[in-house]
Number of protein chains: 2
Amino acid sequence: MYEVIEGDALTVLPTLTDGTFDLVLADPPYNSGGRTTTDRTSTSTHDKYVSHDARHGLADFAGDNRDQRGYIAWLSQILAECLRAARPGASALVFSDWRQIPATSDALQAGGWLWRGVIPWHKPIHRPRRGGFAAACEYVLWGSHGPIDIIRNPACLPGWYSASQPRGRDRHHITQKPVDLLRALIRVAPAGGAVLDPFAGSGSAGVAARAEGRTYTGIELTTHYAEIARRRLDQSVREDHQPCE
Amino acid sequence: MYEVIEGDALTVLPTLTDGTFDLVLADPPYNSGGRTTTDRTSTSTHDKYVSHDARHGLADFAGDNRDQRGYIAWLSQILAECLRAARPGASALVFSDWRQIPATSDALQAGGWLWRGVIPWHKPIHRPRRGGFAAACEYVLWGSHGPIDIIRNPACLPGWYSASQPRGRDRHHITQKPVDLLRALIRVAPAGGAVLDPFAGSGSAGVAARAEGRTYTGIELTTHYAEIARRRLDQSVREDHQPCE
DNA sequence: CCTCTCGATGAATCCATCT
DNA sequence: AAGATGGATTCATCGAGAG
């Protein structure tokens, strides 16, 4: 019901059974940041996404060095495999920053999904920007596997969320998403549905799926994060089983 | 200082002097709505965008029947002419709905602007959507004419806004934007700067520019809306000149 | 003047039916 | 067979008007 498979998404996804998932929740490496090859390749993900003065010692993550054409080609394949593993009527939710919205939309549709909308995630704490507008939001692109099954899930969901990034002891990954945000997004899957997460990272989506009563299958490339994800999933289960006082 | 020129943007823009504007604020017809040609083209903008049982008799607007390729080609030309009329370091702000973000980004960059960001506008009033996420936001794409001039305008602006659509007596156009939102956006232009608005509509951007102490040049195709825009601009000036009590 | 209720409505989307 | 037409749906928000 709650598993994290260690391996590359493009290798693991083809081993999954057709039509078994109700929601694909993907938080891929954005491959963004910087318009030039130098910007993309010269620094580690750590230098790229973390303020210079933030000393948290989190590990780098892989797969963040594609140009935009490569990103579209790669993500299209991932999402096409996800479509195959998804039930008709299922949803896909793919995270993106502002710069990659067009590329992510292309990849979503190239993968066979019907593009349904954009959901901004507002981050209350963000870096100010002199001379213009701050990048205060990231985005979730929503797609569906053909017509939406309103019978299975008739929920009316908000089109916008505000949530703070995890900090301090709860922070396990450089680009970790808030569990509250993921819980809200997961409600687009029917109750008891199955969630597929091809880029599990530190497993926040699994914790969220567990809290919302959905099953979870995560895929994570690095041993380091796969272990963190499994530990967090185990703990979230245990916490749930503790008696109320 | 506050003028509304009646005519087609593609005809009027070439008559403007090079390098005179500090901000291009464009709210083009989105040419969006629906997956099919029918959804996009067959109905009037009133049928397309206004609630079935709404009673207001606001006039239709023109130029909302292009397919996506046509939209990109057309908007690119508009924005290229705007770039010529803009000062180096100037900003462009272009409204879009979620579906046209990729096309609008293409047109902005094809017109020679440097894409700088996406600013969501959250609408507290929006239609719910069964089986998924509501379309609760529209978007403003931000571009610049080369490097940003931080000396002329060092402001740090929010990257996200929430504002209700005008209702009742204040409503003049089907797709009218809130003056408060436009005032906030206009602050990206330096104090006393010149704002160019190639799709003036009912002139809300002019009212906002006046309130923020920027000059305004609007272009509007239809006589109907050009007259409304001029009247609203005159009234906003008069209101400002009334003595305080 | 404040509080409350009531009713209108939204840059939508879907689907059955007709041309 | 593809395109056009028309009607039904949805609820948080906000203005108007009453108390």
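So that the names make sense, note that chain A is the first sequence line, chain B the second, and so on, each numbered from 1.
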| query | Counting just side-chain N and O atoms, does Gln165(B) come under 4.0 Å of either OP1 or OP2 of dT9(C)? | reply | no

| side-chain N/O Arg171(B) vs dG15(D) OP1/OP2, d < 4.0 Å | no

| query | Would you call the rings of Trp74(B) and Phe199(B) parallel, tilted or perpendicular, where under 30° means parallel and over 60° means perpendicular? | reply | tilted

| query | Between Phe133(B) and Tyr161(A), what is the ring plane arrangement, given parallel below 30°, perpendicular above 60°, and tilted in between? | reply | perpendicular

| query | Taking atom P of dT9(C) as reference, at what distance in whole Å does atom NZ of Lys123(B) sit? | reply | 17 Å

| task | Would you check if Tyr30(B) stacks with the base of dA11(C), given a 5.5 Å centroid limit and a 30° plane limit, both strict? | result | yes

| Exercise: do Thr223(B) and Glu227(B) side chains pair donor with acceptor under 3.5 Å | no

| query | Among side-chain atoms of Ser51(B) and Arg127(B), is any donor-acceptor pair under 3.5 angstrom? | reply | yes

| message | For Watson-Crick and G-U wobble pairs within 3.5 Å on both distances, what is DNA chain C written in dot-bracket notation, | included for inter-strand pairing? | response | .|||||||||.||||||||

| remark: CG of Leu233(B) to OG of Ser204(B), rounded to nearest 0.5 Å, is 9.5 Å

| query | Do Trp160(B) and Trp121(B) have ring centroids that are under 6.0 Å from one another? | reply | no

With 3.5 Å as the limit, what N/O pairs link the protein to nucleotides 8-13 of chain D?
{"from": "dT10(D)", "atom 1": "OP1", "to": "Arg130(B)", "atom 2": "NH1", "distance (Å)": "3.1"}

